Colleague: 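Pasting in a structure now, in structure tokens, and then I'll have a few things to ask.
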Amino acid sequence: MDLLIPISILTGCAASVEDLWRARISNWTSGGAVAGGIFCHVMRNGWVGISNALLGGLIGFSVFLVFYLAGGMGGGDVKLMAGFGTLLGTPAILQAAILAAVLGALLAAGVWCIRSRFGRRVCASDGIPYAPAIALGACLVLIGGDVPR
């Protein structure tokens with residue numbers, strides 16, 4: 001049985017709940033995704049799978065590191081993207097990052113509309129919870145079948 005889908009969904013749900021409730025994503029969630037990704041890729045492709053998983057994690061981390069350094073994203077979001085990069089592998093993480101960026105823009109617009117219309121906070125902080133966009137982007141790529149087997 002392929003565990004990538006259940007691990008990805010569980011990671012996405014846990015990260016989204018943490019981000020909405022506490023405005024932070026725990027290292028346990030991101031680290032669990034990294035460990036699960038390495039495990040799944042080793043089970044699929046043997047020791048060769050480690051390189052795909054680790055390169056995907058590095059790419060996922062690097063893609064959003066720029067936004068973190070610019071002050072537009074939290075460190076937990078960057079680590080979560082690295083976790084999903086490890087789960088999805090090299091080519092699929094770039095697609096997930098693009099989807100996450102588009103979904104994040106839609107999420108930001110929705111949060112802005114709610115705040116301006118009702119004057120209320122949507123989550124635990126005044127920031128925008130980006131974990132749901134990251135999780136949904138990664139899961140759409142995974143479920144869409146663009147992850148190498």
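Residue numbers start at 1 and run along the sequence shown. Just so you know, these numbers come straight off a predicted model, no measurement behind them.
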Colleague: Indicate if Trp28 and Leu87 have the same hydrophobic cluster label, given that clusters are the connected sets of ILVMFWY residues with side-chain heavy-atom separations under 4.5 angstrom.
Modeller: no
Colleague: Would you say that Phe39 contacts Ile7 through its side chain, given a criterion of any heavy-atom pair below 4.5 Å between the two side chains?
Modeller: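 Phe39 vs Ile7: side chains apart.
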Colleague: How about Arg44 and Asp2: do any of their side-chain heavy atoms sit closer than 4.5 Å?
Modeller: yes
Colleague: Would you name the heavy atoms of Asp19 and Tyr130 that are closest together and state the gap between them?
Modeller: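 So the two residues come closest at OD2-N, 3.0 Å.
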Colleague: Just wondering, do Lys79 and Ile25 contact through their side chains at under 4.5 Å, heavy atoms?
Modeller: no
Colleague: What are the two closest non-hydrogen atoms of Tyr68 and Gly74, and how far apart are they?
Modeller: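 In this case the closest contact between Tyr68 and Gly74 is CD1-C, 3.7 Å.
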Colleague: Checking Phe67 now: which residues fulfil ring pair (Phe, Tyr, Trp, His ring centres under 6.0 Å) with it, not counting sequence neighbours?
Modeller: Phe64
Colleague: Please find the pair of heavy atoms, one from Pro132 and one from Pro129, that lie closest to each other, and give the distance.
Modeller: CD-O, 3.4 Å
Colleague: Look up atom CG in Leu54 and atom CD1 in Ile38, then write down how far apart they are to the nearest 0.5 Å.
Modeller: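 It is 4.5 Å, given to the nearest 0.5 Å.
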Colleague: Looking at every non-hydrogen atom in both residues, tell me the closest pair between Ala135 and Gly12 and how far apart they are.
Modeller: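 Shortest heavy-atom separation between Ala135 and Gly12 comes out as CB-CA, 3.4 Å.
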Colleague: Indicate every side-chain donor-acceptor pair of residues 98-109 with a distance under 3.5 Å to a residue at least two apart or in another chain.
Modeller:
none

Colleague: Could you list the residues that satisfy side-chain hydrogen bond (donor to acceptor under 3.5 Å, both in side chains) with Ser51, not counting sequence neighbours?
Modeller: none
Colleague: To the nearest 0.5 angstrom, please state how far the CG atom of Leu3 sits from the OG atom of Ser8.
Modeller: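 One gets 10.0 Å once the value is rounded to the nearest 0.5 Å.
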Colleague: Nearest 0.5 Å please: distance from the NE2 atom of His41 over to the CG atom of Leu88.
Modeller: 7.0 Å
Colleague: Hydrophobic cluster membership, with links at side-chain heavy-atom distances under 4.5 Å among I/L/V/M/F/W/Y: are Val48 and Ile93 in one?
Modeller: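 Val48 does not cluster with Ile93.
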Colleague: Do Leu55 and Leu94 belong together in a cluster built from hydrophobic side chains that touch within less than 4.5 Å?
Modeller: yes
Colleague: Please report the interatomic distance OG1(Thr86) to CG(Leu4), rounded to the nearest 0.5 Å.
Modeller: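 Here the rounded value is 11.0 Å.
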Colleague: Using every non-hydrogen atom in the two residues, find where Ala131 and Asp77 come nearest and quote the distance to one decimal.
Modeller: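 Looking at all heavy atoms of both residues, the closest pair is N-OD1, 3.9 Å.
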Colleague: Hey, what do you get for CG (Leu142) to CG (Leu140), rounding to the nearest 0.5 Å?
Modeller: 9.5 Å
Colleague: Which atom names give the shortest non-hydrogen contact between Val63 and Ala97, and what distance separates them?
Modeller: CG1-CB, 3.8 Å
Colleague: Are Leu136 and Val17 connected in the hydrophobic side-chain network, where two residues link if heavy atoms are under 4.5 Å apart?
Modeller: no
Colleague: Do Leu80 and Leu65 share a hydrophobic cluster (ILVMFWY, side-chain heavy atoms under 4.5 Å, transitive)?
Modeller: yes
